[in-house]
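Worksheet: the structure to be examined is printed underneath.
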Amino acid sequence: MNKPESAATSNFIRNIIDDDLAANKNDGRIVTRFPPEPNGYLHIGHAKSICLNFGIAAQYNGKCNLRFDDTNPVKENEEFVKAIKDDVTWLGFEWDGLKHASDYFNELYNFAVELIKQGNAYVDSSTAEEVREMRGTLKEPGKPSPYRDRSVEENLDLFARMKAGEFDDGAHILRAKIDMASGNINMRDPTLYRIRKVHHVRTGNDWSIYPMYDYTHCVSDAMENITHSLCTLEFEDHRPLYDWVLDELKTPAHPQQIEFARLMLEYTILSKRKLIQLVEEDYVKGWDDPRMPTITGMRRRGFTPAAIRDFCERIGVTKNDSWIEMAVLETCIREDLNEHSHRRMAVLEPIKVVITDLPDGYTETLSFANHPQKEDFGRRDIVFSKEIWIDKDDFSENPPPKYQRLVPGGEVRLRGSYVIKCEEVIKSDAGDIIELRCTHDANTLGKKPEGRKVKGVIHWVSASAGVQAQVRVYDRLFNQPNPGSADSLEAELNPESMVVHKTCYVEAALSEAQAEERFQFERLGYFVADRYDHTSEMPVFNRTVSLRDTWAR
RNA sequence: UGGGCCGUCGCCAAGCGGUUAAGGCACCGGGUUUUGAUCCCGGCAUUCGGAGGUUCGAAUCCUCCCGGCCCAGCCA
């Protein structure tokens, strides 16, 4: 029943792995890891990394760990840890090991002592500002710190006392002794440890020093026997340091770091800083706002895990800085939802239609297929009645060319029901349309009208049997393909990114919808019952994506 | 000449010295259709950032040039 996900096309990482396997490197083992810092919510960019790491493990019969890179306790918390686990699970992946960088704090410390003994690390007592000044610039080499040649004994003593909590934050750091003149600034005696007298969610107050990313990541990878450590392009310059640490420490495993390009998606923002700004300055209603590119936001929007996985496969993995068009993501979600969603009818902006040639109180029960191509999806009943609702967009007194809907004096097919003809338009004193008075052709139920063609088909909901609902229509959050390039996010926001329709009418079957259940509202798009706000008393639906529309409006 | 990386169709992306330069998205036709949806069928790079060179043969190798991205946290 489930359509198999598209076959994996080759990419440079798979090629590297194929070569490694052919050479029997690592005895043919493949171990990857997804290593988020628990300081925020995961977004579609992380999904690319998750699909890559877990996908490769699955494809090559390997393993993939989920590892929390929790080396900076001032920015991290449990809320994010839980959210990240939920998101990875929801996306459909199971981690082999659940790890934390903090699991290795003891080993990391002992390795650092080893580096000091080797003469490869020293305690620098310069201020942060002095360190920065001595580092040099992109074009000029750095200068050695006056503390660079401290004795091993002194370094050992100072480092032990840093650990013991004898010093205040910032008093000392532990640095690798590499090359202050390196063209690669990461090699100019990078910081290994800094003093941070703060509580850590997992290690409590055990530590007053915490290891830096560059030192921690490579060692953690080695501890877990990771074979291929996949990260994004900005870490390319860090690879020499990654390799230096593992080489000097002579760790039994030396994973290979491979870098790939971050995802850039048009009309949205993936920068953590800007995402935080959207939430904190109330441009959206939280991390799970359906307009957010977060996993939790996309979930609430109605996206499916399979569609997101398909998207990540389709965009590929390269080292090119490339912008993906939103149409790619939309196509993925439409394909999945078209395949799996039951059809329903819903009217978002109702106009009353009275079928004048039907007796008062007339009703008739009609049977509708839940899917036009899939009989096994079953059928449901829909009540047709003398008074019905149709959508405002489906009637026009001044129709544009090629308009195929209802016009004064014109005919249109009510989906699954009769052909009606608009005989009269009733307006208020203010000129607003209050109702349409129509007649119907009783000989058109399940048949084409005789002697004429009626091309248009519109959806409708019975005024007597329909159910009231709220429908939130979402659109892209920004009106610029590359938002964030301007100074102010606000200027680029799409003012119509969320339009709430409070008085909608939906067919009765929809009152049984479960939260997160997805449907196609015929002719409108794909919708999901809101994960949090939907109830059978007051149904609430979010538009996931519109239907493809080739009719130029 | 700070260091590192990247340039194949509008957007992605295969390609790894000999292929008619895959495929997807988008777009443009045409057919089916009681969703202007879906589905089907067809079209869409004589050319791979540019210029030289090597070779019987180059998107693939070499040289130079042009354009773009990343790096100066005691963040990750």
Side-chain angles (χ1 to χ4, degrees), chain A residues 6-7 9-12 15 35-37 39 69 71-72 74-76 124 126-128 131-133 135-142 169-175 181-188 190-196 209-210 212-214 216-217 231-240 259 261 266 272 313-332 334-335 338-339 343 345 371-373 402-405 413-417 419 444-448 454-459 481 520-525 546-553:
Chain A
S6 50
T9 60
S10 74
N11 63 48
F12 79 103
N15 292 347
E37 181 186 15
N39 70 343
D69 224 331
T71 57
N72 188 357
V74 304
K75 293 169 71 180
E76 300 152 7
D124 194 334
S126 307
T127 64
V131 168
R132 175 162 34 84
E133 282 169 7
R135 188 155 30 229
T137 68
L138 293 178
K139 295 193 175 183
E140 301 158 38
D169 287 14
H172 309 281
I173 52 174
L174 184 74
R175 300 178 76 176
S182 173
N184 181 348
I185 292 175
N186 295 296
M187 299 299 269
R188 317 234 267 230
T191 304
L192 267 22
Y193 270 92
R194 76 289 218 189
I195 299 171
R196 280 272 188 290
I209 54 172
Y210 291 94
M212 299 288 288
Y213 164 85
D214 281 307
T216 308
H217 206 87
C231 62
T232 43
L233 246 28
E234 68 271 24
F235 292 104
E236 248 168 343
D237 290 341
H238 297 239
R239 181 163 18 101
E259 311 85 10
E266 289 188 344
K272 194 169 275 181
E313 185 58 44
R314 287 194 203 201
I315 59 177
V317 180
T318 66
K319 302 182 77 144
N320 303 340
D321 291 313
S322 51
W323 283 90
I324 308 296
E325 293 177 341
M326 192 57 96
V328 180
L329 217 206
E330 290 176 346
T331 295
C332 292
R334 286 187 186 116
E335 275 188 19
N338 175 52
E339 195 76 6
R343 312 288 116 130
M345 289 205 290
H371 191 289
Q373 282 87 224
K402 306 255 180 81
Y403 190 77
Q404 296 177 8
R405 308 169 187 185
R413 159 77 64 183
L414 291 177
R415 163 114 253 227
S417 176
V419 168
T444 53
L445 186 62
K447 306 177 210 178
K448 294 196 189 315
V454 174
K455 205 167 184 194
V457 178
I458 64 173
H459 56 90
Q520 183 196 96
F521 289 175
E522 293 206 50
R523 301 209 314 130
L524 296 177
S546 66
L547 251 32
R548 187 160 169 266
D549 183 6
T550 48
W551 185 54
R553 287 190 189 229

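Every chain is numbered from 1, with letters handed out A, B, ... down the list of sequences.
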For [X], report the nucleic acid contact type (base, sugar-phosphate, nothing); a contact means any heavy atom under 4.0 Å.
{"X": "A/Ser546", "result": "nothing"}
{"X": "A/His238", "result": "base"}
{"X": "A/Ala128", "result": "base"}
{"X": "A/Arg132", "result": "sugar-phosphate"}
{"X": "A/Leu445", "result": "base"}

Shortest side-chain distance from [X], nucleotide among [options]:
{"X": "A/Thr71", "options": "B/C71, B/A76, B/G15", "result": "B/A76"}
{"X": "A/Arg194", "options": "B/C25, B/U38, B/C75", "result": "B/C75"}
{"X": "A/Tyr403", "options": "B/G36, B/A37, B/A76", "result": "B/G36"}
{"X": "A/Arg135", "options": "B/A72, B/A13, B/U34", "result": "B/A72"}
{"X": "A/Ser10", "options": "B/G2, B/C12, B/G15", "result": "B/G15"}
{"X": "A/Pro372", "options": "B/A37, B/C25, B/C71", "result": "B/A37"}
{"X": "A/Thr331", "options": "B/A76, B/A26, B/C12", "result": "B/A26"}
{"X": "A/Met212", "options": "B/C75, B/U35, B/C27", "result": "B/C75"}

Identify the pairs formed between an N or O of the protein and an N or O of nucleotides 8-10 of chain B at a distance under 3.5 Å, and give each distance.
| from | atom 1 | to | atom 2 | distance (Å) |
| --- | --- | --- | --- | --- |
| B/G10 | N2 | A/Glu325 | OE1 | 3.3 |

Which residues pass the side-chain hydrogen bond (donor to acceptor under 3.5 Å, both in side chains) test with A/Lys272, sequence neighbours left out?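 Partners of A/Lys272 under the side-chain hydrogen bond (donor to acceptor under 3.5 Å, both in side chains) test: A/Asn39.
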
Report the residues that fulfil side-chain hydrogen bond (donor to acceptor under 3.5 Å, both in side chains) with A/Lys139, sequence neighbours left out, ordered by chain and then residue number.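 By the side-chain hydrogen bond (donor to acceptor under 3.5 Å, both in side chains) rule, A/Lys139 matches no residue at all.
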
In chain order, what residues pass the ring-ring contact (aromatic ring centres under 6.0 Å, His included) check against A/His238, with sequence neighbours excluded?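 Applying ring-ring contact (aromatic ring centres under 6.0 Å, His included) to A/His238 gives A/Phe235.
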
pi-stack flag for A/Tyr213 and B/A76, centroid dist under 5.5 Å, interplanar under 30°: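 Taking the rule of under 5.5 Å and under 30°, the ring of A/Tyr213 does not stack on B/A76.
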
Output all residues satisfying side chain to side chain contact (heavy atoms under 4.5 Å, CB included) with A/Asn320, sequence neighbours left out; order by chain, then residue number.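 For A/Asn320 the side chain to side chain contact (heavy atoms under 4.5 Å, CB included) partners, ignoring immediate neighbours, are A/Thr318.
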
After noting the C-alpha distance and the side-chain angles of A/Asp69 and A/His217, does the key distance pass the side-chain hydrogen bond (donor to acceptor under 3.5 Å, both in side chains) rule? CA-CA 8 Å; A/Asp69 224 331; A/His217 206 87; 2.9 Å; yes

Set of salt bridge (charged side-chain N to carboxylate O under 4.0 Å, His left out) partners for A/Lys319, sequence neighbours left out: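 So A/Lys319 forms a salt bridge (charged side-chain N to carboxylate O under 4.0 Å, His left out) with A/Glu236, A/Glu259.
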
Polar side-chain contact A/Arg523-B/U35 base: donor and acceptor under 3.5 Å: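 Side chain to base: no pair below 3.5 Å.
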
